[in-house]
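Read through the structure below, which is laid out as structure tokens, and then see the notes.
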Amino acid sequence: GENVEQHPSTLSVQEGDSAVIKCTYSDSASNYFPWYKQELGKRPQLIIDIRSNVGEKKDQRIAVTLNKTAKHFSLHITETQPEDSAVYFCAAHNQAGTALIFGKGTTLSVSS
Amino acid sequence: GAVVSQHPSWVICKSGTSVKIECRSLDFQATTMFWYRQFPKQSLMLMATSNEGSKATYEQGVEKDKFLINHASLTLSTLTVTSAHPEDSSFYICSARPLAGGPNEQFFGPGTRLTVL
């Protein structure tokens, strides 16, 4: 089945810096790659997603890039703010094309 | 729109008892619901896929006799943890895929914190 690897597991940046989180996936048939932000004890919140027919998508300070050939995708957060501090998960569809398989998560800490 | 609720939000039970967790799609119908388990500081692990009117599909390593899933209607799926033990203590999160939504849409419930003493 699908396997999603995520790096780094922790990331500390200064306010205003950029943060990049990278994921790789194993199933070349996967076609949907969302990113979630999860605060402690809360549900994951979708922050951006990308489908396999595009290479990049941007929404204000957040962008995602996808390299299908290399089977990796990345989350880019620019001008980070303390409120960006949370755990971020990448995900991909599994072989059935329905359930999401998650990476292990990245704890982002933004210090002011 | 697209709200998913879970009940209860937290539960504490004694070892050996059974606990039922409900997942409801409040303003849409869901043919498919997913159950995830999340241990502290870990990722969401898919436990099973629940389809309305049929048996759930369990991921490898998840005991179907221990984690009973019932998807009796297009708005409700239940997860029953039978004979719960302390190692079952976790955050259980469901998500629901809308009947009329796009192929990638799914919406998460707020989660249920289970503590087994």
Side-chain angles (χ1 to χ4, degrees), chain A residues 1-11 21 23-25 27 29-54 57 64 66 73 86-109, chain B residues 2-7 9-10 21 23 25 30-52 54 56-62 69 71 77 90-99 101-115:
Chain A
E2 176 68 278
N3 183 48
V4 179
E5 300 283 340
Q6 183 172 347
H7 299 280
S9 56
T10 60
L11 180 59
I21 303 171
C23 286
T24 60
Y25 60 97
D27 187 354
S30 291
N31 58 9
Y32 176 65
F33 309 94
W35 285 90
Y36 288 87
K37 176 183 181 182
Q38 187 181 33
E39 297 177 351
L40 192 62
K42 302 272 183 77
R43 78 186 85 194
Q45 289 184 303
L46 178 68
I47 57 172
I48 196 166
D49 58 13
I50 192 167
R51 289 172 173 75
S52 58
N53 57 345
V54 297
K57 183 177 178 181
V64 57
L66 171 65
F73 56 113
V87 181
Y88 291 81
F89 293 99
C90 63
H93 267 305
N94 73 354
Q95 289 182 338
T98 53
L100 289 170
I101 303 301
F102 285 82
K104 291 191 182 297
T106 296
T107 300
L108 174 65
S109 299
Chain B
V3 177
V4 177
S5 71
Q6 278 184 244
H7 178 80
S9 55
W10 59 270
I21 302 170
C23 176
S25 54
T31 51
T32 306
M33 291 184 175
F34 307 100
W35 287 96
Y36 294 86
R37 179 168 54 181
Q38 186 176 32
F39 292 110
K41 298 188 178 182
Q42 293 189 24
S43 185
L44 286 80
M45 299 298 296
L46 179 66
M47 299 177 67
T49 300
S50 167
N51 291 295
E52 187 267 337
S54 63
T57 302
Y58 290 82
E59 294 300 298
Q60 192 172 12
V62 178
I69 292 173
H71 194 155
S77 177
S90 189
F91 193 47
Y92 292 85
I93 306 176
C94 71
S95 71
R97 184 163 167 242
L99 176 65
N104 303 130
E105 278 189 317
Q106 57 179 275
F107 302 96
F108 284 89
T112 296
R113 174 79 55 195
L114 170 63
T115 302

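So that the names make sense, note that chain A is the first sequence line, chain B the second, and so on, each numbered from 1. Because the structure is a prediction, the values reported are computed rather than measured. Scope of the values below: all heavy atoms of this structure, side chains included, with no hydrogens, waters or symmetry mates.
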Over all atoms of both residues, closest heavy-atom pair of [X] and [Y]:
X	Y	result
Val4(B)	Arg43(A)	O-NH1, 3.5 Å
Ala99(A)	Tyr36(B)	C-OH, 4.2 Å
Phe91(B)	Lys42(A)	CE2-O, 3.9 Å

Please enumerate all residues that pass ring-ring contact (aromatic ring centres under 6.0 Å, His included) together with Trp35(A), with sequence neighbours excluded. Phe73(A)

Interface moiety of [X] toward chain A, non-hydrogen atoms closer than 4.5 Å:
X	result
Phe34(B)	side chain
Ile93(B)	side chain
Gln38(B)	side chain

In chain order, what residues pass the side-chain contact (heavy atoms from CB on, under 4.5 Å) check against Thr112(B), with sequence neighbours excluded?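 Partners of Thr112(B) by the side-chain contact (heavy atoms from CB on, under 4.5 Å) criterion, ordered by chain and then number, come out as Gln6(B), Pro8(B), Val11(B), Ile21(B).
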
Out of Gly105(A), Ser9(A), Pro34(A), Pro44(A), which one racks up the most heavy-atom pairs below 4.5 Å with chain B?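 With the most close heavy-atom pairs to chain B, the winner is Pro44(A).
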
Which distance, rounded to the nearest 0.5 Å, do you find between the NZ of Lys104(A) and the CE of Met45(B)? 6.5 Å

Chain B contact via Gln6(A) - which portion, at a heavy-atom distance below 4.5 Å: neither

